[in-house]
Each structure stands twice: as structure tokens, then as C-alpha cells.
Amino acid sequence: MTKSSEETAPAKSAPEPAAEPAGEARRMTRRGWTLVVSGSLFLIFVVLGSIVPVPFVAISPGPTYDTLGRDAAGNPVIQVTGHETQQTTGELRMTTVSLHDGVTLFQGLGFWASGRFALAPREEYFKPGETNEQVKQENIQQLQDSQTNAQVAALRKLGYPIKVLAKQIVSGSPADHVLAPGDKLITVNGKKIVEAADVRAALTGTLPGQTVQITFQSDGQPERTVPLTLASRPDRKEGFIGLTAVDRADAPFTVNISLQDVGGPSAGLMFTLAIIDRLQPGDLAGGRHIAGTGEITETGEVDPIGGISFKVVGAREAGATDFLVPEHNCAEAKTAAPAGLNLIKVSTLDDALAQLGNLKAGRPTASC
């Protein structure tokens, strides 16, 4: 009887280690899985943090512009046609704030860490669904309105007559198809119109349905007097005509302001001062480097603005030694003003002119 092959097989010289099953060889340890998952999450975080915007904007000091100087194209910022202009010295510098939208998480952290930027919720600067282009157009319109207000305030201060024009006509209102934008308003309800606020005041005590007379003049045409039957509006008791009135200077020359890539209303005060300085002898800056900000009304009030803490920094970096501050911005300006910058409180155009006179004469100025 022969032996089985197992019995007759030669003995192995040394035992070989047992091989793991194929599935177990490919099985990853818990630590390995942890590293893979953590690495993947980190990679996702890096990608998202680099490309996905967060709902914040970054704000920083923006560029400044000398309103007595020239724009980027080399044109005078204040351009006067038909009137002699004065030589000036020094600077009347307007200030701006830069707004950075589309900020990613990592950019935001970098901005915040720099100490030069502040982060603010995007909803404070953009309406829901509003695009960058829409905001840009709004800022341009605000700048244009501030330039117009500056011209009116400056020329009113210099003694030029003011005319009141219809700016907008409400569709379907009593004024619709009777008056047009640009018509000069002379009397309303028997009262002479000297400034835009007089139109609303002339209707005090009237009632919807009442008929009033309005005298106006279209460009190049004789004066006309027509009756208007007043309408009603839920926000007022008196009758409603349906037009928006604005003041415009009635001067025998033109003033244009040339400045690109800037928006918003806050340069009004500095535009006004520059127009006066170009038209009237006196040299308001007197060789000094003066900056400032403030929205100007057609009657010369200086209204507060946003971003004052960044504007004082930008002004000092541009070499300004004095800064005109709207009165209601003084508290915030004081907390951020760099060393060497004299803050001067103003609430009207007359205030600003008086304080510039004090600077030039070496007298103390009204401090914040």
C-alpha cells in the first residue's frame, strides 16, 4: 500500500509566515480613515474659503482728490466758463472710502488682521437683490446731486440770484401734461417762489379738490398762469400738485465739476468751497493742506456722512494737516484721527468759511 502524497511530501526547510486574506490587506485602519476624512474636509474648507464670498464688505480709507487741482485726465476739477477765475494756493482735498465687495472668508480674515480694514454686513450697503452696477449708478447719481447742490450753495453765498425749477413731474398728477421738468416756477397759490421749499409752503391750508393758480415759464417762452385742481395724498392733509422743485443758480456763466470714479454725496462741502475759491478773491486754503467731508444742501447746511473714521486716516496719509468735520461726525472722528491732524467742527457753509479764515489768520479754530 502506498502512502498518501501528504506523507511522502518532503519537509519544508522553514515555516513561512501566514499570509493575510486579500480583503484584510486592503482594509484601512481607523487612523488612516481619520487622516483621509480630515484632509478632505480641510481641502474643501480651503477651496470654499478661497472662492466663496461671505455676506460682508470690507471698508478702508479711499483715495483723496484736491478740488482745487486736476482730475486723472488733467482737467481742472472745477471748470468755470464765462467768468474770470482766481489763482489759489494750498489744497482743499475731498476724501473717500473704498468699499470691497465679493470678499471671501480668507480675504476677510486678511483684511481684518491688517488693521486697516473693517468688515460690515453687506446688507448695510446693498439692498436685497441689488447688484454692484446698481449701487454704482446710485452713487453716481448722488455725486451729481451733490455737485449741483454745491454750485447752488456757492453761487447763493456769492450773491447770485436763485431760480426754482420743476425737477420731476408725477405721472397722473395735476401738474402732469401742464408743466415739464426744467420749467421755472414763479408763483404758486398767489405766493412768490424764491426757493424750492416755498412750493410746499404755498399749499399750506389748502385742501384736495381746491383750485389754485400757478405761474411758470418754460425755456424761451413767456410766463403762463394756469389753474390746477389739487389732488390728495395719504401722507399729507393739504392739496397735492405733483411736482418736485429744486433750486438752481441763475448766473451768466457755467460751473462744471470734473471727477471720475467717485460716487456718493459726501464731497459737497469741499466742492462748494473750491467753487467759491475759484470765483472770489481771498485764497481760502492760504497755502495749507486742508481736507474735509460733508454733504451740502442747496441752502448751505453741512450734513453728516458715513466712513469718517477712514476718511481722517486717508486725509492724513495724503498730507492734510486740517480736516473739516460735520458737527454730528465729531465724536467718531476724534476716536480715529491720526496724530498731527487738526479736526475743525462745522455745521454750515458759513462755519466752514469762518474757520478757514481763522486758520489763515492764525486764530484758534472750533475743535471737535
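Both backbone and side-chain heavy atoms feed into the values below; hydrogens, waters and symmetry mates do not. Position 1 is the first residue of the sequence, and the numbers go up from there.
Note that OG1 of Thr297 is 9.0 Å distant from CG of Leu349, once rounded to the nearest 0.5 Å. Going from atom CG of Leu230 over to atom CG of Leu207 covers 9.0 Å, rounded to the nearest 0.5 Å. Residue Ile214 holds its CD1 atom at 7.5 Å from OG1 of Thr187, rounded to the nearest 0.5 Å. Rounded to the nearest 0.5 angstrom, Ile276 CD1 and Thr272 OG1 are separated by 6.5 Å. For the atom pair CG (Leu284) and CG (Leu356), the distance works out to 5.5 Å, reported to the nearest 0.5 Å. How far CG of Leu155 is from NE2 of His83: 9.0 Å, rounded to the nearest 0.5 Å.
In summary, the aromatic rings of Phe56 and Phe117 are positioned with their centroids too far apart to meet the 6.0 Å limit.
Checked options Arg288, Lys360, Arg316; the residue passing with Asp322 is Arg288 (criterion: salt bridge (charged side-chain N to carboxylate O under 4.0 Å, His left out)). With Glu298 as the fixed residue, the salt bridge (charged side-chain N to carboxylate O under 4.0 Å, His left out) test singles out one of Arg156, Arg248, Lys167: Arg248.
In terms of heavy atoms, Met270 sits closest to Thr67 at O-OG1, 3.5 Å. In plain terms, the two heavy atoms of Ser218 and Asp183 that are nearest each other are OG-OD1, 3.0 Å. For the pair Ala196 and Ala245, the tightest heavy-atom approach, listed with the atom from each and the gap, is CB-O, 3.5 Å. Nearest heavy atoms, Val262 versus Met94: CG1-CE, 3.8 Å. The minimum heavy-atom distance between Ala352 and Leu269, with the atom names listed, is CB-CD1, 4.0 Å. Between Ala154 and Ile275, the closest heavy-atom pair is CB-CG2, 3.7 Å.
Under a 3.5 Å cut-off, the side chain of Asn189 and the backbone N or O of Val212 do not form any donor-acceptor pair. Side-chain N or O atoms of Ser347 include none that pairs as donor or acceptor with a backbone N or O of Glu327 at under 3.5 Å. The closest donor-acceptor contact from the side chain of Thr348 to the backbone of Gly300 lies at 3.5 Å or more, if one exists at all. Using a distance-only test at 3.5 Å, with no hydrogens or angles considered, a donor-acceptor pair links the side chain of Arg278 to the main chain of Gln86. A side-chain donor-acceptor contact under 3.5 Å links Thr89 to the backbone of Gly287. Using a distance-only test at 3.5 Å, with no hydrogens or angles considered, no donor-acceptor pair links the side chain of Lys334 to the main chain of Leu343. Checked by atom type and distance alone, the side chain of Asp303 never pairs as donor or acceptor with a backbone atom of Glu295 at under 3.5 Å. In this structure, Gln217 contributes its side chain and Gln221 its backbone to a donor-acceptor pair below 3.5 Å.
Using a 4.5 Å cut-off between side-chain heavy atoms of Ile, Leu, Val, Met, Phe, Trp and Tyr, with links allowed through other members, Leu324 and Val97 fall into different hydrophobic clusters. One hydrophobic cluster, built from ILVMFWY side chains closer than 4.5 Å, holds both Leu243 and Leu203. Tracing side-chain contacts under 4.5 Å through hydrophobic residues (I, L, V, M, F, W, Y), one reaches Leu273 starting from Leu158; they form part of the same cluster. Tyr160 and Val152 fall into different hydrophobic clusters, defined by Ile, Leu, Val, Met, Phe, Trp and Tyr side-chain heavy atoms under 4.5 Å apart, directly or through other members. Linking ILVMFWY side-chain heavy atoms closer than 4.5 Å, directly or via other members, places Ile305 and Ile290 in two distinct hydrophobic clusters.
Within the 4.5 Å cutoff, no side-chain heavy atoms of Asp250 are placed close to those of Ile162. By the 4.5 Å heavy-atom criterion applied to side chains, Leu185 and Leu179 are counted as neighbours. For the pair Asn149 and Phe271, the minimum side-chain heavy-atom distance is 4.5 Å or more. For the pair Val346/Val325, no side-chain contact is recorded, criterion being any heavy-atom separation below 4.5 Å from C-beta on. The closest side-chain heavy-atom distance from Phe240 to Asp235 is not below 4.5 Å. Looking at heavy atoms from C-beta onward, Val188 lies out of side-chain contact with Asp198 at the 4.5 angstrom threshold. Residues Val199 and Ile193 meet the side-chain proximity criterion, which asks for heavy atoms closer than 4.5 Å. Using a 4.5 Å heavy-atom cutoff, the side chains of Asn329 and Pro304 are in contact.
Remark: Asp351 does not engage Lys345 in a salt bridge, criterion side-chain N to carboxylate O under 4.0 Å.
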Checklist line | Stepwise side-chain contact (heavy atoms from CB on, under 4.5 Å) check, Thr95 with Phe310 | finding: CA-CA 9 Å; Thr95 52; Phe310 299 99; over 6 Å; no
Notebook entry, point to check: Given the rule in the side-chain contact (heavy atoms from CB on, under 4.5 Å) test, do Val246 and Thr148 qualify, once you have shown the distances and angles that lead to the verdict?
Noted result: CA-CA 10 Å; Val246 292; Thr148 300; over 6 Å; no
Item checked: Audit row: Arg200, Glu238, side-chain contact (heavy atoms from CB on, under 4.5 Å) steps and yes/no -> CA-CA 9 Å; Arg200 177 75 181 266; Glu238 68 267 20; 2.5 Å; yes
Next item on the list: Check the pair Phe216 / Val226 against side-chain contact (heavy atoms from CB on, under 4.5 Å), numbers first and verdict last.
Entry: CA-CA 9 Å; Phe216 64 97; Val226 299; 3.8 Å; yes
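Contacts of Lys184 classified as salt bridge (Lys or Arg N to Asp or Glu O under 4.0 Å), with partners at least two apart in sequence or in another chain: none. Partners of Thr365 by side chain to side chain contact (heavy atoms under 4.5 Å, CB included), not counting sequence neighbours, listed by chain and number: Asn342, Ile344, Gln355, Asn358, Leu359. A search for ring-ring contact (aromatic ring centres under 6.0 Å, His included) contacts involving His328 returns nothing, not counting sequence neighbours.
No more than 12 heavy atoms of other residues, nucleotides or ligands lie within 6.0 Å of NZ in Lys237, so this atom counts as exposed by the packing criterion.
Side-chain contact annotation: Ser266 with Lys311, donor-acceptor N/O pair under 3.5 Å present. There is a side-chain donor-acceptor pair under 3.5 Å between Asp71 and Ser258. Defined by atom type and a distance below 3.5 Å, a donor-acceptor pair is missing between the side-chain atoms of Thr81 and Gln79. A side-chain donor from one of Glu133 and Gln137 sits under 3.5 Å from a side-chain acceptor of the other.
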